[in-house]
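FYI, side chains are in, hydrogens and waters are out, and symmetry mates aren't considered; it's all heavy atoms of this structure. Fair warning: this is a prediction, and the values are worked out from it, not measured in the lab. Numbering of ligands and ligand atoms starts at 1, following listing order.
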Amino acid sequence: MSLNSIEEIASYIVSEGKGILAADESNPTCGKRFDSIGVDSTEKNRRDYRELLFRSSGMKNNIGGVILFDETIRQSSEDGTSLVDLIKDQGALPGIKVDKGLQPLNDSSQEVVTLGLDGLDERCKEYVALGARFTKWRAVIKIGNGLPSDECIDANMKALADYAKVVQDNNMVPMVEPEILMDGDHSINDCFNASERSLKSLFHHLKENDVNIKGTILKPSMVTSGSDADVQASIKEVAEKTLECLIANVPADLPGITFLSGGQSDILATAHLDAMNKIGGFSWKLSFSFGRALQAPALKAWMGKYENMFISQDALSHRALMNKLAALGEWDSSLEDQ
Ligand code: 13P
């Protein structure tokens, strides 16, 4: 694959219904996922699990990029092939999480800001040498008790824009991820407002920093009800409100929007994506960058046992195909039973 410019890289990742496998769980987060199946989070187990995912046949044609964690981009598989090469052999591009996690916005704050600008340029140079073509930075916005504050939105969106500029100067595509957390009992309208304020601020700062929008991918959350809300918005309402918010606030020349799943069940995340693509009326590719919603069935099938490798790979391949169909607006719930 000779993709030289950031525009080509970004377009390739989301071409023909392809999306992104988010496999960039930090070691503590991976530990939580492994706890749920009673597996120790050792370096070898993390490697074995990711190797299994990246060798799944359904990676091909359905997954255009894989986001890795620092440990994973340096690991090799059982037979000595680097995990980066396994990903490339599947026709996907390796990406890397470059943020350094969250810290309180200020002493009294319940809000957080993402760290990682210090030393980012040097880290990017190393990751390019290790084979990365794109990067991810996650900002976290909470809803509730008058939150999010303007200060929190501005600090996080400015950091996303500063990060994006450094990454593009290193000829990689930045994924900018403003995640509006689903946690809480807020309404879908509260989520719409927080999403809109965040997107307006994000694109303002990206423009100020002269970030090339055609070489950028947006990774947003969908506009949903809070996970504890009594009334949960329907699939149709989530699709319509998410599209309304994106169409009003995202430049038309952005090549791709790839959603995070944020705690939605695997099938619901697919159903929402499909509903939006069936509605249509936008110029960007609308696809997926799911972590849990792609991996959960594969993780459950694996249980840390070698003999479960094939059923686990089938589970990942199935979700990858279902989400590709959803990115094309060609999914149907009946396909889940086959
Ligand atoms: P989820 O799809 O599990 O939310 O993970 C995506 C991700 O990369 C979060 O930063």
Side-chain angles (χ1 to χ4, degrees), residues 13-14 19-37 46 49-50 53 62-73 87 92-102 112-116 132 134-143 156 159-160 163-164 173-184 191 195 198 202 217-224 226-227 238 242 256-273 286-300 315-316 319-320 322-324 326-327:
I13 291 172
V14 289
I20 295 171
L21 168 62
D24 60 318
E25 298 84 3
S26 63
N27 290 349
T29 303
C30 197
K32 278 194 238 161
R33 305 277 185 269
F34 280 13
D35 280 350
S36 73
I37 54 164
R46 291 192 292 271
Y49 173 61
R50 266 95 178 225
L53 296 179
N62 302 326
I63 301 294
V66 179
I67 319 174
L68 302 170
F69 185 59
D70 181 77
E71 175 184 89
T72 324
I73 200 170
I87 290 166
L93 301 180
I96 182 81
K97 169 190 170 78
V98 298
D99 69 66
K100 293 276 194 187
L102 310 171
V112 289
V113 65
T114 307
L115 296 174
F134 71 102
T135 64
K136 167 187 133 170
W137 176 292
R138 172 174 175 253
V140 173
I141 306 292
K142 297 180 190 174
I143 300 179
N156 274 293
L160 272 171
Y163 137 82
V173 169
M175 295 183 80
V176 288
E177 179 179 3
E179 175 168 8
I180 316 298
L181 291 183
M182 282 174 68
D183 304 354
C191 182
S195 303
S198 301
L202 174 61
I217 292 177
L218 174 67
K219 174 168 177 161
S221 34
M222 297 179 195
V223 176
T224 64
S227 46
V238 168
T242 305
I257 298 179
T258 60
F259 292 103
L260 60 93
S261 59
Q264 295 181 37
S265 76
D266 49 356
I267 294 185
L268 190 58
T270 306
H272 285 147
L273 179 62
L286 203 59
S287 188
F288 58 93
S289 174
F290 296 157
R292 285 162 286 181
L294 268 171
Q295 293 184 45
L299 185 71
K300 223 167 129 192
L316 180 81
R319 287 261 54 80
M322 292 297 103
N323 284 306
K324 181 217 182 98

Backbone or side-chain N or O of [X] under 3.5 Å from ligand 1 N or O:
X	answer
R33	no
G291	yes
E179	no

Q) For ligand 1, which atoms have a heavy atom of R138 less than 4.0 angstrom away? A)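 Ligand 1 atoms under the 4.0 Å threshold to R138: 10 (O).
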Q) Of all the atoms in ligand 1, which lie at a distance below 4.0 Å from a heavy atom belonging to F290? A)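 So the atoms of ligand 1 that pass are 2 (O).
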Q: Record the part of D24 in heavy-atom contact with ligand 1 below 4.0 Å; permitted values are side chain, backbone, both and neither.
A: side chain
**Q.** ligand 1 contact on R292 by region, counting heavy-atom pairs under 4.0 Å
**A.** both
Which protein heavy atom lies closest to [atom], and at what distance to 0.1 Å?
atom	value
atom 4 (O) of ligand 1	G262 N, 2.7 Å
atom 10 (O) of ligand 1	K136 NZ, 2.5 Å
atom 9 (C) of ligand 1	E177 OE2, 3.3 Å
atom 6 (C) of ligand 1	K219 NZ, 3.4 Å
atom 2 (O) of ligand 1	S261 OG, 2.4 Å

Q) For the side chain of D99 and the backbone of R138, is there at least one donor-acceptor N/O pair under 3.5 Å apart? A) yes
Q. For the side-chain hydrogen bond (donor to acceptor under 3.5 Å, both in side chains) test, which of K32, R292, Q295 pairs with E25?
A.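 That would be Q295; it is the only one of K32, R292, Q295 passing the side-chain hydrogen bond (donor to acceptor under 3.5 Å, both in side chains) with E25.
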Q. Does the distance from a Lys or Arg side-chain N to an Asp or Glu carboxylate O, for K97 and E177, drop under 4.0 Å?
A. no
Q | Minimal non-hydrogen separation, T224 against Q264, with atom names | A |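 Closest approach of T224 to Q264, heavy atoms only: CG2-NE2, 4.0 Å.
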Q: Write down the atom of L93, the atom of F134, and the distance for their closest heavy-atom approach.
A: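 That closest heavy-atom pairing would be O-CE2, 3.2 Å.
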With a 4.5 Å heavy-atom cut-off, do [X] and [Y] have their side chains touching?
X	Y	answer
L218	L202	yes
P174	W137	no
F259	I20	no

